[in-house]
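Contents: one structure, followed by commentary.
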Amino acid sequence: MTTTRDLQRTPSVFTFGEPLVVLVPDAPGLLATTHQLRPYPAGAELNTAVGLARLGLNVAMGCSVGADAFGQLILKSGRAEGVNMAYVRQDEAAPTGVFFKQWSGLKGKTTVYYYRSTSSMAMGGWQPSEELLRALQARTWDWVHSTGITWMIGERTRRVATELLERCHMLELPVSFDVNVRLKLGDVEQWRACVWEVLPYLTWFLLGDEEAALLFDTDDAARIEQVLRDRGFSGEGVVLKLGEAGAVASVQGAQTRTPAWPVSRVVDTVGAGDGFNAGWIAGMLRGFDLNEALKLGAVVGAYAVTSMADYDGYPTWPEALQELTGKGFVER
Ligand SMILES: Nc1ncnc2c1ncn2[C@@H]1O[C@H](COP(=O)(O)OP(=O)(O)OP(=O)(O)O)[C@@H](O)[C@H]1O
Ligand SMILES: O=C(O)C(=O)C[C@H](O)[C@H](O)CO
């Protein structure tokens, strides 16, 4: 299966998963004593969708949100970023999921607290409409992106998500899957079971170094690829994100490595992985070679860590291009 195609039109991506609203304190410290919280749209797949839209791709999101104020916040934000939100259902029966960030200035660490177990997506409030299935069949999108979080929030959503990836695989649509382990949603064995379930349908398997240690007890991308192939993975390869150390891809055991893009001040790393994914997918679909695509991923990842909200820091296409080419634009 080819994953990099020389497209004559703007490349397009479909992604599905749970968008959330995150409430972020103004300053580091305990949530219990904070006086001000700011709401921002978040959720791994929405973050990646926004990253892709900023890089000039056509992107559509599939999910449900509550028919509530936070659902509206997500819809408005997605639309304002140019994400096609036509496949988002507003659910009267269950609310939009939320989470809170607690930010420790001293340790430079962010802790998250979820309030999502009865959210619309967790309760199985979304399934692909006939219209969406027809659009997939008609190859409206060149690529589908998903993350393991969708498999771990509720049984019904899990079944729907697996069936959707199976369908994409049958249609020979490239599928990227970032395992995105969140131990607050399940233990390591449950996450492994999720990986084995979706593995046959994936083209690219993405993960971070902490996830590699948890799931595979190694930080060697080629070894991870081999474990996956032994378990039935027949896709293109593995992309392993290494935080400040950049990223490495393994394709049939051959490794391609890129360093992290330099950052002057790291504010919060949550959302860096989703941003990286957007940059890398955009690079692959724009016909970059694997190394250049990883580099574009690193640029978006670096921009991401400069802001507190998940995707606020992501670059536009001209900004990313300026980083990659070194050619400046006039700033004042
Ligand atoms: N401190 C940093 N400085 C520069 N770039 C960074 C930094 N942290 C992350 N990045 C960039 O972002 C990419 C993704 O970050 P990371 O490795 O943390 O992904 P992840 O584990 O998938 O993240 P997440 O916590 O969002 O799931 C890295 O590969 C790197 O290119
Ligand atoms: O953790 C989750 O489920 C989220 O999707 C919330 C955050 O936005 C996400 O972790 C950022 O990668």
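Because the structure is a prediction, the values reported are computed rather than measured. Note that the numbering runs from 1 along the sequence shown for the chain. Atoms within each ligand, like the ligands themselves, are counted from 1 in listed order.
Counting heavy atoms closer than 4.0 Å to ligand 2, residue V22 contributes nothing at all. Neither the backbone nor the side chain of N180 comes within contact range of ligand 2; no heavy atom lies under 4.0 Å. Proximity of N47 to ligand 2, defined as any heavy-atom pair under 4.0 Å, is confined to the side chain (atoms from C-beta onward).
For a threshold of 3.5 Å applied to N or O pairs, the pair formed by G243 and ligand 1 contains at least one separation below that value. Distances between N or O atoms of G246 and those of ligand 1 include at least one value under 3.5 Å. The shortest N or O to N or O distance between D178 and ligand 1 is not below 3.5 Å. Inclusion of G273 in the set of residues having an N or O under 3.5 Å from an N or O of ligand 1 is warranted. For a threshold of 3.5 Å applied to N or O pairs, the pair formed by A44 and ligand 2 contains at least one separation below that value.
Around CZ of R89, the count of heavy atoms belonging to other residues, nucleotides or ligands within 6.0 Å exceeds 12.
Distance check for atom 25 (O) of ligand 1: every protein heavy atom is found at 4.0 Å or beyond.
Using a 4.0 angstrom heavy-atom cutoff, G273 does not count as in contact with ligand 2. Contact analysis leaves E18 out of contact with ligand 2, as no non-hydrogen atom separation drops below 4.0 angstrom.
Taking a cut-off of under 4.0 Å to the non-hydrogen atoms of D310, the atoms of ligand 2 that pass are 7 (C), 8 (O), 9 (C), 11 (C). In the vicinity of D274, heavy-atom distances shorter than 4.0 Å reach the ligand 2 atoms 11 (C), 12 (O). Counting the atoms of ligand 2 from 1 in the order shown, those under 4.0 Å from a heavy atom of R182 are 1 (O), 2 (C), 9 (C), 10 (O), 11 (C), 12 (O). Residue V266 approaches ligand 1 through these ligand atoms, each under 4.0 Å from one of its heavy atoms: 1 (N).
Taking CZ of R182 as the start and OH of Y114 as the end, the distance is 5.0 Å to the nearest 0.5 Å.
Residues satisfying the side-chain contact (heavy atoms from CB on, under 4.5 Å) criterion with D209, sequence neighbours excluded, are L242.
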